[in-house]
2 protein chains.
Amino acid sequence: MDRIGDLSLFLRVLDLGSISAAARSLDLSVAVASQRLKRLERELGVRLLHRTTRQLHATPEGMQLAEQGRALVEDLESLTGGLRQSATEVSGTLRVTMSAAFGSQYVSPLLPEFLGLHPRVKLSVNLDDQIVDLVGSGFDLGIRVGEMGDSSLVARRLASNRRVLCASPAYLQTHGLPRTPADLARHDCLLLVGSQGRQDVWHFTDRKGRDIAQRVQGRFESNQGALLRDAVVAGLGIAMHSLWHVHEQLRSGRLQLLLPDYPIHATGIYAVMPQRRLVPPRVRAFIDFLAGRFGDHPPWEC
Amino acid sequence: MDRIGDLSLFLRVLDLGSISAAARSLDLSVAVASQRLKRLERELGVRLLHRTTRQLHATPEGMQLAEQGRALVEDLESLTGGLRQSATEVSGTLRVTMSAAFGSQYVSPLLPEFLGLHPRVKLSVNLDDQIVDLVGSGFDLGIRVGEMGDSSLVARRLASNRRVLCASPAYLQTHGLPRTPADLARHDCLLLVGSQGRQDVWHFTDRKGRDIAQRVQGRFESNQGALLRDAVVAGLGIAMHSLWHVHEQLRSGRLQLLLPDYPIHATGIYAVMPQRRLVPPRVRAFIDFLAGRFGDHPPWEC
DNA sequence: CATGACTATCAATTATTTGTTGAAAATGAT
DNA sequence: ATCATTTTCAACAAATAATTGATAGTCATG
């Protein structure tokens, strides 16, 4: 066996559970992937995959090769990556998944420029807030808003993510202006329902830096930030939003900032990627590009 | 970097100290080796070898790649070797070095048959008793007579190597027949001078299995077994010889066996090879071939 | 149960890479 | 200085890989 790429392909096939998906993710035609797997099996003289058109599973030999081979491929990548002084060409298909609202609002306008900068990259953009398993879905990169909990991924902070409490002037005229977090208990609060459940405890910081937790409730909730924003603009209640998300509305006066003296713990906007030793140049280029655009003065900060 | 073969080539180049030698040893044309090294350097973006036409040495990066890469290549070989169920074709150039006397006398007549058995192998035979550094000299295989001390090599015993004490009838008529090892102190003994120095202490076993060491001396010594044999046939003294070496002379009566009641510790005839995980099929085939010819009834045993 | 959407493989063509050969340039030894 | 080696280069031939379009198998769906 000479080609380590065949081994990489095999590993990718196992990760994605499909020859077609692996081929796409490596910018190969499906036929090539198929015949290279066959070559690998022929050279080893062993059947690695039991395959039907609809499902794959590894033979015992395949399992063994996968287990031991993965370490090998990673070692080789780290070895060559350590030596290689300058990255190679920025090319291939960049597969990125991003938070829907943030992506369409702030990333999308930048994409033409990025494509112009790197003529040999193709982009495949997935807008979705749910996808967690980057490697299992074959993405190079995810762009996520909020806390980074997952440890199997490496994250790079692209920008800070200040969150604010806001409501429409109409709502405030009717219901009054809250002065402290405790006041929120008597207001209609609009809640985001995430994958971890309803987020009905809001955290603030008082003047002395102490954490204040306030349970809130209301008559409207959604898993879509955009719906929440429409609701708060319509005067349905008070919402906690990322600054970038309501930046426009605050500037135009359709929304109003609340409790400015009780700042909310800031999180970040992150680029996350599978923990690989060797980051493809196109991924690095994209992250650097975004970081350069957002870094010091994101468009949503005053 | 995709081709692990390029890395292997690079390692071989470092072992042999020459691109040409490495190319020969891998059955490649020199030009291919050259351009594959260049490809490796281009892909890594790093210069690995400082080369003039006359000498090579690795750059720091080259050293690093060699150190870490060698383990990698070996891991890959053992992994694939462990999976691979049947060996591949017996082909390529088999480079073997062997003890001169034994090689010309017993191996040489078998070579045509071996070549006939495997049409796609070429043979490169080196007759020399000195070469120790197999891997450094680019040999696949060595055939050695005697004790195997070197631990960096793996050895397979091809046949036993009984040694005997002998002298010509004419010498014995003049000097008398020794009855015990101690008698040898009063005889002319012909000594082999090896790379470890003059071998002037001979070891025997008495009837109870105890070791008897006897220092001997004489007026003739050589590093060439053949000269020693000629000398003992000419009646110059008593010599200790491998049985295969004097088998003919003993049968024809030109030499006579001495001290048959004090056998000498038997050693062996060994195939030794560099400690690689994966033995090329041509090497295995050759060893099996020789073992089959010598194994149970070597031609020099009665 | 048939249809449709995918999937893997096959066969034929095209493109790319790899290997060979012979010549040239460079180097150290005689 | 010449000679024998060594590495590299350049042009060509051979082998290999990738693409395309076609075929057959499989599962979910209506």
Side-chain angles (χ1 to χ4, degrees), chain A residues 1-44 47-59 62 88-89 91-93 120 122 124 126 136-138, chain B residues 1-44 46-59 62 88-89 91-93 120 122 124 136-138:
Chain A
M1 174 161 72
D2 186 27
R3 288 247 155 67
I4 213 69
D6 289 4
L7 183 53
S8 293
L9 170 63
F10 173 68
L11 295 173
R12 190 66 66 98
V13 167
L14 257 48
D15 285 340
L16 301 183
S18 143
I19 297 182
S20 301
R24 281 192 295 275
S25 119
L26 293 171
D27 287 318
L28 298 171
S29 77
V30 191
V32 178
S34 170
Q35 70 190 28
R36 278 173 51 172
L37 285 172
K38 218 166 46 173
R39 175 174 74 188
L40 185 62
E41 290 183 326
R42 190 189 58 226
E43 284 176 348
L44 292 175
R47 192 145 197 84
L48 297 172
L49 293 169
H50 284 310
R51 34 196 187 281
T52 68
T53 52
R54 231 25 197 207
Q55 65 188 19
L56 292 174
H57 51 272
T59 63
T88 53
E89 193 193 23
S91 66
T93 301
R120 308 217 27 188
K122 299 181 190 173
S124 165
N126 173 293
S137 314
Chain B
M1 174 161 72
D2 186 26
R3 288 250 155 65
I4 212 70
D6 289 4
L7 184 51
S8 292
L9 170 64
F10 172 68
L11 295 173
R12 190 66 67 98
V13 167
L14 257 48
D15 286 341
L16 302 182
S18 144
I19 297 182
S20 302
R24 281 192 295 274
S25 120
L26 293 171
D27 286 318
L28 297 170
S29 78
V30 190
V32 178
S34 170
Q35 71 190 27
R36 279 174 48 170
L37 284 172
K38 219 166 47 173
R39 174 174 74 188
L40 186 61
E41 290 183 324
R42 191 189 55 221
E43 283 177 346
L44 292 175
V46 171
R47 192 144 195 82
L48 297 172
L49 293 169
H50 285 308
R51 34 197 189 282
T52 69
T53 54
R54 233 28 195 200
Q55 65 187 20
L56 289 175
H57 51 273
T59 62
T88 52
E89 192 193 21
S91 66
T93 302
R120 308 216 29 184
K122 298 179 189 174
S124 165
S137 313

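In what follows, every heavy atom counts, from backbone to side chain, and hydrogens, waters and symmetry copies are set aside. Just so it is clear: chains get the letters A, B, ... in the order the sequence lines come, proteins before strands, and each one is counted from 1.
B:Leu49 pairs with exactly one of B:Lys38, B:Glu41, B:His57 by the side-chain contact (heavy atoms from CB on, under 4.5 Å) rule, that one being B:Glu41.
A:Leu28 has its CG atom 19 Å from the P atom of D:dT16, to the nearest Å. When rounded to the nearest whole Å, the span between CD of B:Glu43 and C1' of C:dT17 equals 12 Å. At whole-Å resolution of the value, NZ in B:Lys38 and P in D:dA10 are 8 Å apart. Distance A:Arg39 CZ to D:dA17 C1': 8 Å, rounded to the nearest Å. Atom CG of B:Asp6 and atom P of C:dG19 are 9 Å apart (whole Å). Rounding to whole angstrom units, CZ of residue A:Arg36 and C1' of C:dA8 are separated by 16 Å. Rounded to whole Å, the distance from CZ on A:Arg42 to P on D:dA17 is 8 Å. Atoms CG (A:Leu37) and P (C:dT7) sit 15 Å apart, rounded to a whole Å.
For the residue pair A:Val13 and A:Ala22, the shortest heavy atom distance occurs at CG2-CB, 3.5 Å. Looking at every heavy atom in both residues, B:Thr93 comes nearest to B:Ser124 through CG2-CB, 4.2 Å.
For A:Gln35 and D:dA18, a side-chain-to-base donor-acceptor distance below 3.5 Å is present, hydrogens and geometry of angles not being considered. Side-chain N/O atoms of B:Arg54 and base N/O atoms of D:dT6 include no donor-acceptor pair closer than 3.5 Å.
Residues A:Leu48 and A:Leu37 form no side-chain contact, since every pair of their non-hydrogen atoms from C-beta on lies 4.5 Å or further apart. With contacts defined as side-chain heavy-atom distances shorter than 4.5 Å, the pair B:Arg39/B:Gln35 does not qualify.
Within 4.0 Å (heavy atoms only), B:Ser29 reaches at least one base atom of the nucleic acid.
Comparing B:Ser20 and A:Val32, the nucleotide of DNA chain D nearest to each residue sits closer to the 5' end for B:Ser20.
Overall, the helix from C:dC1-D:dG30 to C:dT30-D:dA1 carries an axis bend of 30° between its ends, with five pairs at each end and the value rounded to 10°.
The side chain of A:Ile19 sits closest to C:dA8 out of D:dC27, C:dA8, D:dT8. Comparing C:dT7, D:dT6, C:dC10 by their closest approach to the side chain of A:Arg24 singles out C:dT7.
At distances below 3.5 Å, not a single donor-acceptor pair connects side-chain atoms of B:Asp27 with backbone N or O atoms of B:Gly92. Side chain of B:Asp2 to main chain of A:Gly5: a donor-acceptor pair is present (N/O by atom type, distance under 3.5 Å, no hydrogens or angles).
For C:dT9, the OP1/OP2 oxygens have a side-chain nitrogen or oxygen of A:Ser34 closer than 4.0 Å.
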